[in-house]
Amino acid sequence: MRATTLRIIDLPTPLLDRLPDQLRPNLRLVFVGTAASTRSAEVGHYYAHPGNRFWRAIHEAGITPRRYQPSEFASLIALGIGFTDLCKTGAGMDHQIAAETIDVSGFRAKIEKYRPRTIAFTSKKAASLFYGRPSAAIALGRQARDESWPEIFVLPSPSGAASGHWTIEPWRELAAWIGA
């Protein structure tokens with residue numbers, strides 16, 4: 001009788017469903033995060049965690065005419081507002097996102113393709129990954145203009161985990177800039 005060798009195959013853990021980009025040419029504004037939160041990936045909606053201030057902030061700042069629900073994110077494209085993330089394959093808090101999954105060149109290609117008028121990073125972390133500088137070196141608000149790129153704003157993270165750094169003012173500055 002021959003001995004049988006049992007081989008165990010490690011299958012890769014399936015990636016959490018990523019959030020679909022909401023992009024089209026010439027949007028007036030594209031919000032850019034680092035990656036979907038675990039909750040957002042689970043339900044398939046941007047900024048879906050109940051503690052996230054995003055939907056309240058864009059309404060209070062005057063960017064949207066009413067307070068939308070996370071499940072309505074796709075309808076904002078009719079207002080000229082799009083969504084994407086620097087990491088489309090991972091999910092979780094910024095510190096949980098593997099560095100190799102951050103795709104700045106892919107993000108740059110999307111922006112060059114769709115040419116929105118304004119980009120708003122929804123955290124200093126996302127902006128720091130884009131600029132290749134530490135978060136501490138990134139200022140909130142409108143950034144110095146690079147003529148080859150749309151206007152860029154950096155907003156304080158609306159995540160409940162970033163409560164200590166929250167202010168609505170950069171969101172209002174963005175609303176005034178886009179003429180909301």
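Values below: all heavy atoms of this structure, side chains included; hydrogens, waters and symmetry mates excluded.
- A distance of 11.0 Å separates CH2 of Trp171 from CG of Leu140, quoted to the nearest 0.5 Å.
- In this structure a side-chain-to-backbone donor-acceptor pair under 3.5 Å is present from Arg28 to Leu79.
- Counting non-hydrogen atoms of other residues, nucleotides and ligands closer than 6.0 Å to NZ of Lys124 gives a total above 12.
- Nearest heavy atoms, Ile77 versus Arg24: O-NH2, 3.2 Å.
- Of the residues listed (Thr64, Thr118, Ile58, Leu27), the one engaging Ile81 in a side-chain contact (heavy atoms from CB on, under 4.5 Å) is Thr64, and it is the only one.
- Residues passing the side chain to side chain contact (heavy atoms under 4.5 Å, CB included) test with Thr84 are Asp21, Leu23, Val30, Val32, Lys88, Phe107, Lys110, sequence neighbours excluded.
- Between the NZ atom in Lys125 and the CE atom in Met93 there is a gap of 12.0 Å [rounded to 0.5 Å].
- Nearest heavy atom pair, residue Ser159 against residue Arg53, reads O-NH1, 3.4 Å.
- Here the side chain of Asp146 pairs a donor or acceptor atom with the backbone of Ser148 at under 3.5 angstrom.
- Both Val104 and Ile138 sit in one connected hydrophobic cluster of ILVMFWY residues. Membership requires side-chain heavy atoms under 4.5 Å apart, directly or through other members.
- When all heavy atoms are compared, the tightest approach of Tyr47 to Ser40 is N-OG, 3.2 Å.
- In terms of heavy-atom proximity, His59 sits nearest to Pro65 at CE1-O, 3.4 Å.
- Aromatic ring pairs are classed by plane angle as parallel below 30°, tilted from 30° to 60° and perpendicular above 60°; the pair Trp149 and Phe130 is perpendicular.
- You'll find the side chain of Tyr131 reaches within 4.5 Å of the side chain of Gln143, heavy atoms only.
- The aromatic rings of Phe31 and Phe54 stand perpendicular to each other, their planes meeting at an angle above 60°, with 30° marking the opposite boundary.
- Of the residues listed (Leu76, Ile119, Ile63), the one engaging Leu29 in a side-chain contact (heavy atoms from CB on, under 4.5 Å) is Ile63, and it is the only one.
- By the 4.5 Å heavy-atom criterion applied to side chains, Thr34 and Ser123 are counted as neighbours.
- Hydrophobic clustering places Phe153 together with Trp166 (ILVMFWY residues linked when any side-chain heavy atoms are closer than 4.5 Å, directly or through intermediates).
- Aromatic ring pairs are classed by plane angle as parallel below 30°, tilted from 30° to 60° and perpendicular above 60°; the pair His45 and Phe73 is tilted.
- Contact of the Pro158 side chain with the Trp55 side chain is not registered, since no non-hydrogen atoms from C-beta on lie closer than 4.5 Å.
- Proximity of Glu151 to Arg117: side-chain heavy atoms (C-beta onward) are nowhere separated by under 4.5 Å.
- The shortest distance between side-chain heavy atoms of Asp85 and Tyr46 falls below 4.5 Å.
- Side-chain contact check for Arg66 versus Tyr68: some heavy-atom pair is nearer than 4.5 Å.
- In this structure, the separation between CD on Glu42 and NE2 on His49 is 9.5 Å, given to the nearest 0.5 Å.
- Partners of Pro134 by side chain to side chain contact (heavy atoms under 4.5 Å, CB included), not counting sequence neighbours, listed by chain and number: Ala137.
- The two residues Ala41 and Ala91 make their nearest non-hydrogen contact at CB-CB, 3.6 Å.
- Considering all non-hydrogen atoms of both residues, Ala120 and Leu174 come closest at CB-CD2, 3.8 Å.
- Side-chain atoms of Pro20 and Phe83, non-hydrogen and from C-beta on, never get closer than 4.5 Å to each other.
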